Each structure stands twice: as structure tokens, then as C-alpha cells.
Student: 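Please see the structure below; I have some questions.
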Amino acid sequence: WLGISQINFNGDERMRLMKRRQRTVIKRPRILLILFLLVFGQAAMFLTYCALYLIHGSALADSVIPEIYFGTFHFSQETMTFMLFTSTWLVLGLASTIIGVGLRRGRSWAWTAAIILQGAILILGLEAYFTRNTDNLFNVALGLASAIVLTLNQREVLVFYRANRATLPE
């Protein structure tokens, strides 16, 4: 049999073989499955909250639509709160979904975005807790965000996303 050293390669083929040898296949740690379940569960939770607020707000829409039609509509505190909560849950749910897809594909930016998003969720939850405007929804969101942050900072997860950052094409 002819070994690789006995075959005459030109310079481009030799460089291609050397680069192929340098690439290492990094297996996904099993803890990433837990991370994916947590992030996509968080996205489902936030989108469910958004849907529940929209369903609950249908009674509000029944009173607002005639006011808009007759030109007597004024933003009340109830309307602003409804719009704020609905849009917040929607944005957090969509962001969690996008970040979850990025984490699933092994993108290093998704790890950074996940940490930033979880920090924002923790800040919102702590603000609601200290102003005594919290309910069980915030407590569940705080617990889930804490679990995701702890999972993101596991050694296997950090090594996986740092290694993927190093192997990205320039």
C-alpha cells in the first residue's frame, strides 16, 4: 500500500490535508440537551404568557375598538399595562427561540446572547420582586433563568462554545 508520504502532492493539496487534520470534531456534551430543553421551555413559557395576556385582553379590546372608531380613545393605565406586558412576553419568547436555535447549532454568539437575555430577565424579575409587583409567573421565570445561567456556566458548555468560536472560518 502507498502511504500518504509516498504520494506526490502539490502545495495546495498538502495544505488542504494539513487543515483537515487540524480540525477537531467536538462532540456535544450531554448537558447541552438539558440547556436546549431549558431555553426552548423558557421560550414556550414566555409565548404562552403572551397568548394568555392576549386572551385575557380580548375583553379590553371589546371596549377599546368602539372608542377608536368613534374617536374617543385615550390611553388608560390598563391599556398601557396590557400592551407593555404583552409586548414584553412576546419579545422575550421570540428572543429565547432565536437564541435556542443558535445554541442548538453551536454558535458562540448564542452563548453570549443567552447570558445577556438571562441577565435582563433576572433584572426584570428582581425589580418586580422588590417593588412587590411579583406573582408566580415572575418566580417561575426567575427560577428558570437561574437554572439556564448555571447550565451555561458549566465547564463542558463553556469549552464547547469556546472551541466552536476558534473553529469558525475567518
Side-chain angles (χ1 to χ4, degrees), residues 22-61 64-65 68 73 75-170:
Q22 289 174 352
R23 289 186 199 152
T24 57
V25 177
I26 302 168
K27 290 188 175 184
R28 291 182 188 270
R30 290 183 185 236
I31 196 165
L32 286 181
L33 176 63
I34 295 170
L35 178 65
F36 302 147
L37 291 175
L38 286 173
V39 172
F40 285 118
Q42 182 183 47
M45 177 184 70
F46 287 141
L47 293 175
T48 303
Y49 290 168
C50 178
L52 290 174
Y53 271 94
L54 288 173
I55 290 169
H56 177 68
S58 63
L60 179 67
V64 169
I65 291 174
I68 292 173
F73 177 72
F75 280 108
S76 65
Q77 183 177 359
E78 181 184 10
T79 306
M80 291 301 292
T81 304
F82 171 75
M83 291 172 47
L84 178 69
F85 275 134
T86 306
S87 61
T88 301
W89 294 129
L90 181 64
V91 167
L92 290 175
L94 292 177
S96 294
T97 303
I98 292 168
I99 289 170
V101 169
L103 287 171
R104 175 70 180 94
R105 292 184 177 178
R107 304 291 193 250
S108 59
W109 61 262
W111 184 90
T112 306
I115 288 289
I116 292 169
L117 179 67
Q118 300 315 313
I121 291 168
L122 288 170
I123 289 170
L124 288 173
L126 288 174
E127 186 272 332
Y129 175 78
F130 285 118
T131 58
R132 297 194 175 23
N133 292 331
T134 185
D135 58 357
N136 289 335
L137 299 178
F138 281 100
N139 295 334
V140 171
L142 279 173
L144 196 55
S146 300
I148 291 172
V149 168
L150 290 174
T151 307
L152 283 169
N153 286 313
Q154 293 292 317
R155 182 178 307 279
E156 297 89 12
V157 176
L158 290 171
V159 167
F160 178 76
Y161 287 107
R162 284 185 185 154
N164 278 350
R165 181 180 301 153
T167 60
L168 289 176
E170 295 178 6

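The first residue of the sequence shown is numbered 1, and numbering continues consecutively from there. Quantities reported herein were computed from a predicted structural model and do not represent experimental measurements. Computed from heavy atoms alone, side chains included, the values below leave out hydrogens, waters and symmetry copies.
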Student: Side chain to side chain contact (heavy atoms under 4.5 Å, CB included) for Ile34 and Leu37? Distances and angles first, verdict last.
Tutor: CA-CA 5 Å; Ile34 295 170; Leu37 291 175; 5.7 Å; no
Student: Quick one: CG on Leu117 to CD1 on Ile99, what's the gap to the nearest 0.5 Å?
Tutor: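 So the CG of Leu117 and the CD1 of Ile99 are separated by 4.5 Å.
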Student: What are the two closest non-hydrogen atoms of Gly100 and Val39, and how far apart are they?
Tutor: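 Between these two residues, the closest heavy atoms are CA-CG1, 3.6 Å.
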Student: Taking all non-hydrogen atoms of both residues, which atom of Leu103 and which atom of Ala110 are closest, and how far apart?
Tutor: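 Reported closest heavy-atom pair: N-CB, 3.4 Å.
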Student: Just verifying a value: how many Å separate Leu144 CG and Asn139 CG, rounded to the nearest 0.5 Å?
Tutor: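 CG of Asn139 is found 12.5 Å from CG of Leu144.
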Student: Going by heavy atoms in the side chains, are Ile31 and Phe160 under 4.5 Å from each other?
Tutor: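 No, their side chains stay 4.5 Å or more apart.
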Student: Rounded to the nearest 0.5 Å, what separates atom CG in Leu92 from atom OG1 in Thr97?
Tutor: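 These two atoms lie 10.5 Å from each other.
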Student: Write down the atom of Val157, the atom of Leu35, and the distance for their closest heavy-atom approach.
Tutor: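 Minimum heavy-atom contact is CG1-CD2, 4.3 Å.
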Student: Could you tell me the separation between the CG atom of Leu32 and the CG atom of Leu38, rounded to the nearest 0.5 Å?
Tutor: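 Here the rounded value is 11.5 Å.
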Student: Who passes side chain to side chain contact (heavy atoms under 4.5 Å, CB included) against Ile115, sequence neighbours left out?
Tutor: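 Applying side chain to side chain contact (heavy atoms under 4.5 Å, CB included) to Ile115 gives Trp111, Leu152, Asn153.
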Student: With sequence neighbours left out, write down each residue that passes ring pair (Phe, Tyr, Trp, His ring centres under 6.0 Å) with Phe40, or none if nothing qualifies.
Tutor: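 Not a single residue meets the ring pair (Phe, Tyr, Trp, His ring centres under 6.0 Å) criterion with Phe40.
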Student: Would you mind reporting whether Ile98 and Val101 have side-chain heavy atoms less than 4.5 Å apart?
Tutor: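 Heavy-atom side-chain distance check fails, nothing below 4.5 Å.
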Student: Kindly list each side-chain donor-acceptor pair under 3.5 angstrom involving residues 41-48, sequence neighbours excluded, with atom names and distances?
Tutor:
from  : atom 1 : to     : atom 2 : distance (Å)
Gln42 : OE1    : Ser96  : OG     : 3.4
Gln42 : OE1    : Gln118 : NE2    : 3.0
Gln42 : NE2    : Gln118 : OE1    : 3.0
Thr48 : OG1    : Ala44  : O      : 2.6

Student: Specify the closest pair of heavy atoms between Leu122 and Ser146, including all atoms of both residues, with the distance to one decimal.
Tutor: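 Looking at all heavy atoms of both residues, the shortest contact is CD2-OG, 3.8 Å.
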